[in-house]
Amino acid sequence: MAAEAQVPAAGPANPLLIGGDWVASTGDGALVVTDPFTGGVVGSAPRGTAADVDRAVAAARRAFIAGDWVAASAARRAEHLRALADAWERRGDELAELVTSEMGQHAALSLGNAVGPPRVLRYYAELADRLVEEEVRPKLLSDSATIVRREPVGVVGMIIPWNYPLSLLVSKLAPALAAGCTAVVKPAEETPLSALLVGELCIEAGFPPGVVNVVTGGRQTGAELVAHRGVDKIAFTGSTEAGRAIARECAERLRPVSLELGGKSAAVVLSDADPAQVVPHLRMRSFANAGQTCFLLSRVLVPRDRLEEYVAALTDAAESIRVGDPRHPDTEMGPLVSERIRARVAALVDEARREGADIRTGGAYANGPGHGYLPTVITGVDPSSRIAQEEVFGPVVVVLGHDGEEDALRIANDSRYGLGGAVFSADEARAIAFARRMETGTVGINSYSPDLTAPFGGYKDSGMGRENGPEALDQYRMYKSIYLP
Ligand code: NAD
């Protein structure tokens, strides 16, 4: 959790990464990061000002124009990505511990998540090695030809949330750098320290000055970055509300923007599915990261005649999740990131309770220190109710009954979101056929196991643009046609 405190002040001890150097903020505002479980102070970082953003954008622009990044061959950029992966691997444990301290992610999960980014960096290094930046194409109406180029879009402003602060940073940074862009990173106010450590790794990896800049700060700092005239593209992950505000700002400037936003993803359980297979999977995928995961399977649609059986099994599963100290090997779930987020989760559940929802388990703060919230299973609500429609971003699952495939499809698609989803069936072909009809950007069969080589992103209010896979490179490139005479 970050407070609005002015002390400790920003200064040489709390610098920003701009133009390859650690520099003091021009302001004296500070983000004080406190451990969501112990409440102890983890550290502080500057609350970046408009002038800080301006310096960082100018440094990223200089690095872009200087040519030793863009004009360097993609293979050289790939070497840097590999060097960053090496540096990351050397300090992966430190990064993981920092994420647990900053936002309360369970240590097992943050350690697991620290392993992914270097693999992603190496994956984009490989794609950079094979990058086709130019092709010559015969013209349709003459004997001549056109050179079709794919050029890096330029300076990318990256605005990152706190829930997976490392992987959601690298899912933007790796393809953008591979494509030849330069970056100004604005991490979430809750998790500035891990982003600064990534900045340190970029220095270790020998990136030319200004290729990666990190300006910490709050929403205002993010808004300054979005509004800056020197930024060529914005890549954002976070709430739909903030995404909409950012998209409006970008529309005004006709600036490309990619948005990875919220979700209320449906797990559709068909009549032939086996609860013994479905429920353990939901235990993992519906409560991951204390529910602070965008693709969480938070709406579970089960055959109406087996509703009670599934609710009982999910209740047992939720009650078996041990909530507490995120560093303790006997626990599985840490606290929510902040009191603000816990209060929001509680307000949504309390509202559902007042409206007659059946809160089968949970629905209360966890005992002990920190912002813990108990894994919660809710049923007895209409699919159109707020608790069944709105992203809660906490460990809260709503179980709904359906009357067969067509009804399940109608309920699954009756959402303003479309980010994740899963279909469970004994018949894989039947599940795949169902998945094809779901209005969502990603869907799993008898599980939800995202693949970093395939495009990830949302339909409808879950966003636009895609991360992961070779498709992510296109988010950071523009076409240019050079017509030969
Ligand atoms: P948020 O969207 O407000 O913040 C995410 C990032 O965007 C932060 O870096 C923040 O400083 C920045 N930001 C916010 N408003 C901005 C603006 N107008 N211009 C520029 N930058 C801006 O998220 P939050 O308030 O911390 O979380 C609230 C809700 O957001 C959660 O309950 C959840 O529903 C959703 N969320 C979703 C994801 C996801 O992965 N899809 C991640 C985090 C939060």
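Each ligand, and each atom within it, is numbered from 1 in the order the structure gives.
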protein heavy-atom neighbour closest to atom 43 (C) of ligand 1 works out as P161 CB, 3.5 Å
So for ligand 1, is L261 a polar contact partner (N or O within less than 3.5 Å, distance only)? yes
Using a strict threshold of under 4.0 Å (side-chain N to carboxylate O), is an ion pair present between R299 and D414? no
Between S44 (side chain only) and A30 (backbone N and O only), is there a donor and an acceptor less than 3.5 Å apart? no
Interfacing atoms of ligand 1 (cut-off 4.0 Å, heavy-atom, K186): 8 (C), 9 (O), 10 (C), 11 (O)
Verify, without hydrogens or angle tests, whether T376 (side chain) and G362 (backbone) share a donor-acceptor contact under 3.5 angstrom. no
Could you tell me which atoms of ligand 1, counted from 1 in the order shown, lie closer than 4.0 angstrom to a heavy atom of I246? 19 (N), 20 (C), 21 (N)
Have a look at G222, P165, A195 and point out the one with the heavy atom closest to atom 20 (C) of ligand 1. G222
Exam field: side chain T237 to backbone P161, donor-acceptor pair closer than 3.5 Å: no
Quick look: Y164 vs ligand 1, heavy-atom contacts under 4.0 Å, and the answer is neither
Closest to atom 34 (O) of ligand 1 by heavy-atom distance, out of E249, E189, R244, E391, is E391
Any R340 heavy atom less than 4.0 Å to ligand 1: yes
Considering heavy atoms of the protein only, find what lies nearest to atom 7 (O) of ligand 1 and give residue, atom and distance to 0.1 Å. F236 CE1, 3.1 Å
Taking the side chain as everything from C-beta on, heavy atoms only, tell me whether L282 gets closer than 4.5 Å to F287. no
As an exercise, identify every atom of ligand 1 less than 4.0 angstrom from a heavy atom of G218. 11 (O)
Geometric N/O contact L168 with ligand 1, under 3.5 angstrom: no
Nearest non-hydrogen atom to atom 25 (O) of ligand 1 belongs to which of E241, Q292, R219? R219
Given the ring of F456, does R466 sit roughly above its face, with NZ or CZ under 6.0 Å from the centre of the six-membered ring and within 45° of the axis? no
Applying the side chain to side chain contact (heavy atoms under 4.5 Å, CB included) criterion to S462, which one of T442, T440, L419, L259 satisfies it? L419
Is there a side-chain contact between L314 and V300 (heavy atoms, below 4.5 Å)? yes
Specify side chain, backbone, both or neither for R344, according to which of its non-hydrogen atoms lie closer than 4.0 Å to ligand 1. side chain
Give the residue, atom name and distance (to 0.1 Å) of the protein heavy atom nearest atom 18 (N) of ligand 1. A245 CB, 4.2 Å
Any side-chain heavy atom of T182 within less than 4.5 Å of one from W69? yes
Would E190 count as being in polar contact with ligand 1, using the rule that some N or O on each side must be under 3.5 angstrom apart? no
Near I159, which atoms of ligand 1 are under 4.0 Å from a heavy atom of that residue? 6 (C), 7 (O), 9 (O), 12 (C), 20 (C), 21 (N)
Applied to residues 258-267, the side-chain hydrogen bond (donor to acceptor under 3.5 Å, both in side chains) test, sequence neighbours excluded, yields K233-S258
Just to confirm my output: which protein heavy-atom neighbour is closest to atom 28 (C) of ligand 1, and how far is it? I341 CD1, 4.0 Å
Basic-acidic side-chain contact under 4.0 Å: E204, R91: yes
Got the closest protein heavy atom to atom 39 (C) of ligand 1, with its distance? C294 CB, 3.5 Å
Short list, please: which atoms of ligand 1 are under 4.0 Å from a heavy atom of W162? 24 (P), 26 (O), 27 (O)
For Y448, is there any backbone N or O sitting under 3.5 Å from a side-chain donor or acceptor partner on R285? yes
For atom 1 (P) of ligand 1, what is the closest protein heavy atom, and at what distance to 0.1 Å? S239 OG, 3.6 Å
Among protein heavy atoms, which lies nearest atom 6 (C) of ligand 1, and at what distance? I160 O, 3.7 Å
Closest non-hydrogen protein atom to atom 38 (C) of ligand 1, residue and atom name please, with distance? F393 CZ, 3.5 Å
Positive for side chain to side chain contact (heavy atoms under 4.5 Å, CB included) with W162, one of Q105, Q292, E189: Q292
Answer yes or no: is there a side-chain heavy-atom contact under 4.5 Å between N468 and S171? yes
Touching ligand 1 at all, P187? Heavy atoms, strictly under 4.0 Å? yes
Just which atoms of ligand 1 are under 4.0 Å from any heavy atom in A242? 2 (O), 14 (C), 15 (N)
